[in-house]
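First up is the structure itself, then whatever we jot down about it.
Values below: every heavy atom of this structure, side chains too, minus hydrogens, waters and symmetry copies. A quick note: this is a predicted structure, and the numbers were derived from the prediction, not measured. Chain identifiers are assigned alphabetically (A, B, ...) following the order of the sequence lines, protein sequences preceding nucleic acid strands; residue numbering begins at 1 within each chain.
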Amino acid sequence: MTAPHLLHVDMDAFYASVAIRDRPELHDVPVVVGGGHRGVVLSANYPARGYGIRSGMSGGEARRLCPRLVEVPPDFDVLRPVSKAIMETFRGFSPVVEVMSLDEAFLDVRGAARLFGPPEVIAERIRSRVRAEHGITCSVGIAAAVSVAKLASRRAKPDGVLAIPPERFVAVVHPLDVGELYGVGEATRQRLHRLGLITVGDVARVPVAELRRMVGGHLGGHLHALAWGADRSELSPGGAGTFGFGEGVPEGSMGAQHTLAADTRDRDRLARELLRLSTRVTARLRAADKVGRTVAITVRWSDFRTISRSRTLPEPTDVTHDVYEAALLLLDAVFPLRMAVRLVGVRVEGLRPRREIGGRQLVIGEPDPGWPDADRAVDRATDRFGPTAVRRGSLL
DNA sequence: TCTGGGGTCCTAGGACCC
DNA sequence: TCTGGGGTCCTAGGACCC
């Protein structure tokens with residue numbers, strides 16, 4: 001049996017904690033970060049949670065639960081440096097850190113025992129450091145597999161530590177609802193419940209072949225592994241995180257989407273939004289030296305149903321005009337609209353490093369339209385003067 | 001005043017090729 | 001003449017995570 005060597009460190013109500021740590025007058029009142037006009041709660045402090053407010057909840061519902069709720073917009077210019085500093089604190093304990101998001105990371109502490117002690121001791125040292133240096137609390141899960149460490153930190157919250165070594169996995173985790181498993185969301189939870197599988201133990205006791213037959217090969221195998229704590233035990237540091245929320249550059253796709261202030265059926269309004277989003281996405285592509293071949297748009301209707309349309313280009317691109325043109329073609333193919341549009345998005349998929357493709361391919365005899373040069377000029381101006389320095393005529 | 005924005009991975013069907 | 005399998009690419013949708 002493997003000894004637990006993984007720590008999952010998760011800040012408690014990170015966005016809210018950072019937002020209120022220098023504002024003592026807000027410490028004991030219900031506060032959320034997010035909410036707002038058509039937004040959702042990104043983070044709720046513990047007084048707000050006392051009213052039943054949770055992250056992911058709409059701002060409207062949160063205000064209904066607590067009319068005197070204080071809502072603060074997220075300030076990523078503050079959150080990002082705080083997050084970076086916290087991750088550096090983690091790296092002081094182990095070089096093997098897999099950053100999952102601004103507020104959580106996995107650490108492999110196998111090499112740290114001699115310097116810092118066993119995992120439980122390291123966990124407390126990390127918690128003291130984060131509290132002392134950043135004025136916020138965090139919780140730590142300790143286990144031999146990623147999904148178990150994650151589950152442990154969640155159950156340790158707030159401001160606690162929980163170790164689930166392999167020999168205690170069955171006793172601690174099998175009685176829990178299947179929805180507690182990392183990777184089992186509401187849809188899968190309901191599906192399993194309908195099959196009579198309520199607890200993790202219920203899933204674990206189904207022979208894996210039977211489980212595969214019930215829910216499909218891949219999911220069945222995955223669930224069986226999760227239910228026995230047999231998830232991966234090695235970290236992959238430096239990446240963008242399993243869910244693309246880490247600190248690295250996204251590997252597969254980059255996108256931008258926006259919920260409009262009011263639903264609309266106005267084609268020109270939607271086209272302007274696509275141009276704005278295409279501009280943002282391609283600037284990020286160029287900054288990351290990436291190009292992509294597939295352009296996809298997302299359209300969310302006023303009833304919240306969502307469709308996507310995509311188109312693969314002959315050559316990969318990072319050119320604003322190319323992405324916008326493809327996005328606009330996709331949008332026009334959705335007309336006539338079946339109802340008003342709530343959200344539009346632009347995503348570029350199939351990313352590759354730009355150096356792999358060399359320069360832009362030009363068809364012989366076709367004049368260079370000059371778009372890459374225009375983009376570079378825009379990037380330079382934006383770097384120097386900020387994102388509002390340059391706007392296309394149609395965005396003014 | 002219901003329900004953000006950034007990602008990853010999987011499935012499934014059809015086209016196309018060998 | 002008829003039937004068949006495997007692999008890859010493309011597209012659309014859905015589940016999940018923070």
Is any side-chain N or O of [X] closer than 4.0 Å to OP1 or OP2 of [N]?
X: K150(A); N: dC17(C); answer: no
X: R280(A); N: dG6(B); answer: yes
X: R300(A); N: dG5(B); answer: no
X: S310(A); N: dC10(C); answer: no

List the atom pairs, with distances to 0.1 Å, where a side-chain N or O of residues 332-342 of chain A and a protein N or O form a donor-acceptor pair under 3.5 Å, not counting sequence neighbours.
unit_1  : atom_1 : unit_2  : atom_2 : d
D332(A) : OD1    : R267(A) : NE     : 2.9
D332(A) : OD1    : R267(A) : NH2    : 3.3
D332(A) : OD2    : R267(A) : NH2    : 2.7

Ignoring hydrogens and geometry, is there a side-chain-to-backbone donor-acceptor pair from R293(A) to E349(A) under 3.5 Å? no
Using modelled atom types only, decide if a donor and an acceptor are shared between the side chain of R286(A) and the backbone of R376(A) within a distance under 3.5 Å. no
Side-chain atoms of S101(A) come closest, of dT11(C), dC18(C), dT11(B), to dC18(C)
By nearest nucleotide on DNA chain B, pick out whichever of G252(A) and G216(A) is the more 5' one.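 The residue closer to the strand's 5' end, by nearest nucleotide, is G252(A).
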Counting heavy atoms not belonging to R311(A), are there more than 12 under 6.0 Å from its CZ?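 Open.
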Please indicate whether D75(A) has more than 12 foreign heavy atoms, meaning atoms of other residues, nucleotides or ligands, lying under 6.0 Å from its CG.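 Result for CG/D75(A): enclosed.
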Could you list the residues that satisfy ring-ring contact (aromatic ring centres under 6.0 Å, His included) with [X], not counting sequence neighbours?
X: Y46(A); value: none
X: F14(A); value: none
X: F169(A); value: H174(A)

Strand contacts (DNA chain B) in [range], 4.0 angstrom heavy-atom criterion:
range: residues 51-72 of chain A; value: S58(A), G60(A), R63(A)
range: residues 36-47 of chain A; value: H37(A), R38(A), G39(A), V40(A), L42(A)
range: residues 253-261 of chain A; value: S253(A), M254(A), G255(A), A256(A), Q257(A), H258(A), T259(A)

Is R293(A) touching bases, backbone alone, or none of the nucleic acid, heavy atoms closer than 4.0 Å?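 It contacts sugar-phosphate atoms only.
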Roughly how many Å is it from [atom1] in [X] to [atom2] in [N], rounded to a whole number?
X: L223(A); N: dC16(C); atom1: CG; atom2: C1'; result: 12 Å
X: L181(A); N: dC17(C); atom1: CG; atom2: P; result: 10 Å
X: L79(A); N: dG6(B); atom1: CG; atom2: C1'; result: 15 Å
X: L313(A); N: dT11(C); atom1: CG; atom2: C1'; result: 14 Å
X: K157(A); N: dC18(C); atom1: NZ; atom2: P; result: 10 Å
X: F304(A); N: dC2(B); atom1: CZ; atom2: C1'; result: 9 Å
X: R154(A); N: dC17(C); atom1: CZ; atom2: C1'; result: 10 Å
X: R305(A); N: dA15(C); atom1: CZ; atom2: P; result: 14 Å

Can you pull the side chain to side chain donor-acceptor pair (under 3.5 Å) pairs that have at least one residue in residues 114-137 of chain A, sequence neighbours excluded? D12(A)-T137(A), T89(A)-E133(A), E124(A)-R127(A), R127(A)-D159(A), R129(A)-E133(A)
Is a donor from one side chain sitting under 3.5 angstrom from an acceptor on the other, for T312(A) and T294(A)? yes
Looking only at side chains, do R300(A) and T259(A) share a donor and an acceptor under 3.5 Å apart? no
Between residues 341-349 of chain A and DNA chain C, which residues have a heavy-atom gap below 4.0 Å? none
Specify the residues of residues 183-214 of chain A, ordered by number, for which at least one heavy atom lies under 4.0 angstrom from an atom of DNA chain C.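 Going residue by residue through residues 183-214 of chain A, the ones with a heavy atom under 4.0 Å of DNA chain C turn out to be G183(A), V184(A), G185(A), E186(A), A187(A), T188(A).
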Any chance you could lay out the side chain to side chain contact (heavy atoms under 4.5 Å, CB included) test for L270(A) and T264(A), step after step, and finish with the verdict? CA-CA 8 Å; L270(A) 295 171; T264(A) 184; 3.8 Å; yes
dC17(C) base stacked by Y182(A) (centroids within less than 5.5 Å, tilt under 30°):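 Ring-base stacking flag not set for Y182(A) and dC17(C).
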With rounding to whole Å, what would you report as the distance between dG4(B) and dC17(C) at their C1' atoms? 14 Å
Please map the stems of DNA chain B, keeping only stretches of three or more Watson-Crick or G-U wobble pairs with both distances under 3.5 angstrom.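 The stems are B:5-18 with C:5-18.
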[atom1]/[X] to [atom2]/[Y] distance, rounded to the nearest 0.5 angstrom?
X: S278(A); Y: E325(A); atom1: OG; atom2: CD; value: 10.5 Å
X: S94(A); Y: L7(A); atom1: OG; atom2: CG; value: 9.0 Å
X: L329(A); Y: R309(A); atom1: CG; atom2: CZ; value: 14.0 Å

Salt bridge R269(A)-E273(A), side-chain N to carboxylate O under 4.0 Å: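 The answer is yes: the pair qualifies as a salt bridge.
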Hphob cluster co-occupancy, V184(A) + I164(A), side-chain heavy atoms under 4.5 angstrom: yes
Taking a hydrophobic cluster as the set of Ile, Leu, Val, Met, Phe, Trp and Tyr residues connected by side-chain heavy atoms closer than 4.5 Å, whether directly or through intermediates, do M11(A) and L79(A) fall within one such cluster? yes
What is the glycosidic conformation of dC2(C): syn, defined as within 90° of 0, or anti?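 Anti conformation for dC2(C).
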Go through the steps to decide whether F90(A) and F106(A) satisfy the test ring pair (Phe, Tyr, Trp, His ring centres under 6.0 Å), and finish with yes or no. CA-CA 9 Å; F90(A) 296 168; F106(A) 290 97; over 10 Å; no
Among Ile, Leu, Val, Met, Phe, Trp and Tyr joined by side-chain contacts under 4.5 Å, find the other residues sharing a cluster with L65(A) and list them by chain and number. V32(A), V41(A), Y51(A), I53(A), M57(A), L69(A)
